[in-house]
2 protein chains.
Amino acid sequence: MLNTFDTTTALMCKALGHPARLAILRQLLHEDRCICGRIVEVLPLAQSTVSQHLKVLRDAGLIRGDVEGPKTCYCADRARLADLATALADLLSASEKKR
Amino acid sequence: MLNTFDTTTALMCKALGHPARLAILRQLLHEDRCICGRIVEVLPLAQSTVSQHLKVLRDAGLIRGDVEGPKTCYCADRARLADLATALADLLSASEKKR
DNA sequence: TGGTTTAATCGTAAAAATACGATAAATGAT
DNA sequence: ATCATTTATCGTATTTTTACGATTAAACCA
């Protein structure tokens, strides 16, 4: 009754299920690439908290982070986000067929 | 930096951010309408727990529940789910334009 | 009316999430 | 080599989530 689809989709949804993380993702989509410090500037949260949120997003596969010297440059994984949007749309369309 | 979009979208994502709730939604999409007891049959969770998950989904606007005598008949709000899929897709396409 | 069925709510325990400051680790600059 | 910058991680307190059994409330049936 709960399958792989559920757990991976739920993981992504869960990652987006916090306003701060959604804001972080939007920031990354907007600026394309940015370092942790930039996000700390924009959000009213401590550096350690932002770092924690970035980890959640990364673990869900929604963003990637390249270490560049002492900095880490983050960017959104657009394909994964597209996958999620598709997964939700598919959930709907699969059930439409049998109506 | 965190707006209405973020909070409402995050609320829906958060509701979907648990495998059991995703399974419940899928069940409702599949069977179109079903009562709480039916979901309890399908999931390995206690009645009170299922009821709690149904409340979370309802508060997020993803499902609706009609009281029918002693039973409550739940159904998925397809429009809201479509809205979420669209919101995520828009998030992407809005950022594509400026690349 | 009394008993049954159904679902919500209450109370509660355990686990997870959230936020922070402090610290550590790594790199770059002087 | 030392110092500054940047980010991850640690430790921790607080809040929230999750799950359960027990109880309540409402409606139906006999």
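So that the names make sense, note that chain A is the first sequence line, chain B the second, and so on, each numbered from 1.
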Report yes or no: is there a donor-acceptor pair, N or O only, under 3.5 Å between the side chain of Gln52(A) and the base of dA8(D)? no
Check whether Arg80(B) reaches the backbone of Ala60(B) with its side chain - one donor and one acceptor, N or O, closer than 3.5 Å. yes
Side-chain N or O of Thr49(B) versus OP1/OP2 of dT18(D): is the shortest distance under 4.0 Å? no
Hey, does the side chain of Arg21(B) come within less than 4.0 Å of dT18(D)'s phosphate (OP1/OP2), counting only N and O? yes
Within the side chain of Arg21(A), is there an N or O that forms a donor-acceptor pair under 3.5 Å with the backbone of Ala15(A)? yes
Nearest-Å distance for atom pair NZ/P, residues Lys71(A) and dG28(C): 10 Å
Nucleotide of dT5(D), dA7(C), dA22(C) approaching Pro70(A) most closely (side-chain heavy atoms): dT5(D)
Return no unless some side-chain N or O of His53(B) is found under 4.0 Å from OP1 or OP2 of dA19(D). yes
Ignoring backbone atoms, test whether Tyr74(A) places a side-chain nitrogen or oxygen under 4.0 Å from the OP1 or OP2 oxygen of dA8(D). yes
Measuring to OP1 and OP2 of dA19(D), would you say a side-chain N or O of His18(B) lies under 4.0 angstrom away? yes
Scan side-chain atoms only and decide if Ser95(B) and Arg26(A) contain a donor-acceptor pair under the 3.5 Å cut-off. no
Taking the side chain of Ser51(B) as its heavy atoms from C-beta onward, which of dA22(D), dA8(C), dC28(D) lies nearest to it? dA8(C)
Measure NZ/Lys14(A) against P/dT18(D) and give the value in whole Å, please. 7 Å
From dA7(C), dA22(C), dA19(D), nucleotide with atom closest to Leu45(B) side chain: dA19(D)
Taken to the nearest whole Å, CG/Asp66(B) to P/dA27(D) is 15 Å
At their closest point, which heavy atom of Leu22(B) faces which heavy atom of Ala10(A), and how far apart are they? CD2-N, 3.6 Å
So if I take every side-chain heavy atom of Ser48(B) and compare against dA22(D), dC20(C), dA7(C), which nucleotide ends up nearest? dA22(D)
